[in-house]
Amino acid sequence: MQSGVPTATTSGSTPVANAAPSAPSKPPQRIGVTREIFPGEKRVATVPEVVEKLIKLGFTVSVETGAGDAANFSDETYVAAGAQIVDSAAKVWAESDIVFKVCVPTNAEVDMMREGGILIGFIWPAQNPELMQQLTAKKATVLAIDSLPRMLSRAQKMDALTSQAGVAGYRAVVEAANAFGRFFAGQITAAGKVQPAKVFIAGAGVAGLAAIGTAVGLGAIVRANDTRAEVADQVISMGGEFVKVDFEEEGGGGGGYAKVMSEGFQQAQRDMYAKQAREVDIIITTALIPGKPAPRLITAEMVKSMKPGSVIVDMAAERGGNCELTVPGEAVVRHGVTIVGYTDLASRLAKQSSTLYATNLFRLAEELCKTKDGVVNVNMEDEAIRGLTVTKEGSITWPPPAPKQAAAAPAAAKPAAAPAAKKGGHGHGGDTEPMAGSKLAIMFGVAAALFWLIGANAPKEFLSHFTVFVLACFVGYMVVWNVKPALHTPLMSVTNAISSIIAIGALVQISPIVGAASRPDSLITWVAGAGIVLTAINMFGGFAVTQRMLAMFRK
């Protein structure tokens with residue numbers, strides 16, 4: 001076929017009329033990334049590593065010059081990845097079909113936006129109604145990454161709130177360590193014993209769990225509390241101690257957040273916080289409720305009761321703070337306690353947080369451009385995309401409709417009556433237990449027959465080795481698998497398996513003494529006896545030593 005207008009043929013290869021030319025495909029869209037102008041913001045919305053992936057999806061990418069400097073991504077690295085460097089933010093906004101941002105755009109930035117463009121970033125539509133109206137006037141399509149339906153499992157890869165909270169939780173512990181005057185880990189030195197620091201974390205969401213893991217890694221004794229009961233296991237798994245409020249009330253509020261608790265619970269919680277404030281060295285607060293001011297958890301009286309030199313890191317400072325004495329954006333000293341109220345914790349690890357955020361936006365771009373042709377399709381039938389979309393081509397679409405409920409399962413048919421147990425069956429399980437017993441009997445019968453055939457026909461030398469092999473497998477199974485999981489280090493598993501083989505081999509060698517008392521003075525017999533003693537010491541002593549080593553790490 002020549003490279004002209006394509007023709008179609010029937011199954012008999014008879015030419016038919018020329019087909020109509022297909023509609024021209026849309027050109028790939030341009031993604032623009034600007035320098036963040038919010039004071040103190042160091043993050044950037046995409047990084048060179050992600051630029052390469054966006055280009056493979058079919059997009060072209062423009063980056064404002066210097067956009068990544070604060071996060072240690074130079075213009076040269078963006079160019080090497082395939083991006084075009086633009087000398088002004090106005091050009092990026094005007095020439096880009098899609099703009100990636102971190103912070104909420106200012107009015108001046110929205111004014112530079114091209115009409116009908118697409119904006120992806122943090123918007124917080126409930127807190128910024130005027131911004132929503134301005135974006136609507138631009139006939140913009142806006143995807144607010146903060147509005148992602150987090151309960152959807154496939155949305156986790158796009159969850160920028162989680163990725164940034166994890167970075168902030170880590171940084172909160174670093175800031176606490178910087179302000180704290182001692183080690184986190186306990187130490188015994190020639191100059192004396194250093195007690196480990198005690199850290200209390202209020203709120204065990206993503207940021208709280210990241211803080212727990214970091215503080216535990218630094219050697220501190222970590223306690224945590226959360227209104228959601230299901231978080232207790234997560235705290236314990238991270239190496240912390242869950243401190244329960246002496247009041248029964250469930251605090252899950254949906255979407256991974258906590259709800260506002262009753263007055264009775266709050267009073268019991270305040271009593272618990274007051275006790276912890278007197279005992280611990282560091283408090284990290286993370287409690288936030290969507291659309292509401294941060295709840296006040298730490299009062300001025302609690303701060304006064306803390307030991308001099310203690311530290312409070314208030315991760316909710318941007319929303320007013322969990323501590324009554326927090327000054328947003330600053331670190332202040334009150335009653336001898338340093339209160340850190342920084343609102344840019346994630347930005348203080350700009351390279352890491354930018355990389356994670358850029359990956360979140362790339363995963364969103366994959367969902368928007370499944371055809372990999374560089375053209376975005378904002379599919380409002382997709383529950384995740386619908387939740388993100390706050391304006392669509394100039395129409396406000398926020399808040400999204402309630403998530404679709406799964407269709408109710410049809411009423412289950414009434415189960416048929418269970419057949420009566422057969423005579424001779426035991427227990428009340430009907431035929432189940434007799435069948436299991438019969439299968440077990442058949443299995444042992446087959447194994448016995450197999451061993452008899454081997455014993456009747458195999459050479460004597462083979463039988464000796466085969467016996468050692470079978471017994472070693474059995475003993476090895478018992479000493480490796482039938483022990484506490486905490487003792488299953490690779491070294492213990494290997495040494496116990498070897499020890500079991502040594503023990504069986506030694507028993508085979510010493511067996512003549514037990515039988516006909518032959519060769520009682522043989523050197524090999526005495527060596528075998530010593531091997532049994534040493535192997536027993538190795539196996540049982542190994543477990544005891546490992547248990548004591550594990551106990552050293554339990555606070």
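Of all heavy-atom pairs spanning Arg296 and Gly320, the tightest one is NH2-O, 3.4 Å. Glu367 and Met158 get closest at one heavy-atom pair: CG-SD, 3.9 Å. When all heavy atoms of Val63 and Ala83 are compared, the pair lying nearest together is CG2-CB, 4.0 Å. For the pair Ala277 and Met306, the tightest heavy-atom approach, listed with the atom from each and the gap, is O-CG, 3.3 Å. Among all heavy-atom pairs drawn from Val92 and Val33, the shortest one is CG1-N, 3.7 Å. Here the closest non-hydrogen pair linking Leu209 and Gln234 is CD1-OE1, 3.2 Å.
The structure places CD1 of Ile283 at 8.0 Å from OG of Ser310, a figure rounded to the nearest 0.5 Å. Distance CG/Asn379 to CZ/Arg386: 11.5 Å, rounded to 0.5 Å. Here the straight-line distance linking atom CG of Leu131 with atom CG of Asn107 works out to 7.0 Å at 0.5 Å rounding. Annotation: the span from Arg223 atom CZ to Met272 atom CE amounts to 11.0 Å, rounded to 0.5 Å. The CG atom of Leu388 sits 11.0 Å away from atom CD1 of Ile123, with the distance rounded to the nearest 0.5 Å.
Shown are Thr343, Val327, Ile284, Asn322; of these, the side chain to side chain contact (heavy atoms under 4.5 Å, CB included) with Asp314 is made only by Asn322. Of the candidates Val340, Thr338, Val303, Val303 is the only one forming a side chain to side chain contact (heavy atoms under 4.5 Å, CB included) with Ile312. A side chain to side chain contact (heavy atoms under 4.5 Å, CB included) with Tyr357 is found for exactly one of Thr355, Leu361, Thr359, namely Leu361. The one candidate from Val235, Val173, Val199 that meets the side chain to side chain contact (heavy atoms under 4.5 Å, CB included) condition with Ile212 is Val235.
Side-chain polar atoms of Arg270 and Thr299 form no donor-acceptor pair below 3.5 angstrom. Checked by atom type, the side-chain pair Thr65/Asp75 shows a donor-acceptor distance below 3.5 Å. Judged by distance alone, the side chains of Asn360 and Gln164 never bring a donor and an acceptor atom under 3.5 Å apart.
Judged by the 6.0 Å distance and 45° axis criteria, Lys351 is positioned over the aromatic ring of Phe73. With a 6.0 Å cutoff to the six-membered ring centre and a 45° limit on the axis angle, Arg30 does not count as a cation-pi contact of Trp93.
With hydrogens and angles ignored, the 3.5 Å screen pairs a side-chain donor or acceptor of Asp159 with a backbone N or O of Thr162. Thr189 contributes a side-chain N or O that, together with a main-chain N or O of Ala191, makes up a donor-acceptor pair within less than 3.5 Å. Side chain of Lys138 to main chain of Asp111: a donor-acceptor pair is present (N/O by atom type, distance under 3.5 Å, no hydrogens or angles). When atom types are taken as modelled, the side chain of Thr391 and the backbone of Ala140 share a donor-acceptor pair closer than 3.5 angstrom.
Identified under the salt bridge (Lys or Arg N to Asp or Glu O under 4.0 Å) test for residues 79-88, with sequence neighbours left out: Asp87-Lys91.
The ring of Phe122 has its center no closer than 6.0 angstrom to the ring center of Phe38.
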Between Val110 and Leu135, does the side-chain contact (heavy atoms from CB on, under 4.5 Å) criterion hold? Intermediate values first, please. CA-CA 7 Å; Val110 176; Leu135 290 167; 3.8 Å; yes
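Annotation: side-chain contact (heavy atoms from CB on, under 4.5 Å) contacts of Asp344 (sequence neighbours excluded): Tyr342, Ser347, Arg348.
Contact of the Met380 side chain with the Lys392 side chain is registered, since non-hydrogen atoms from C-beta on lie closer than 4.5 Å.
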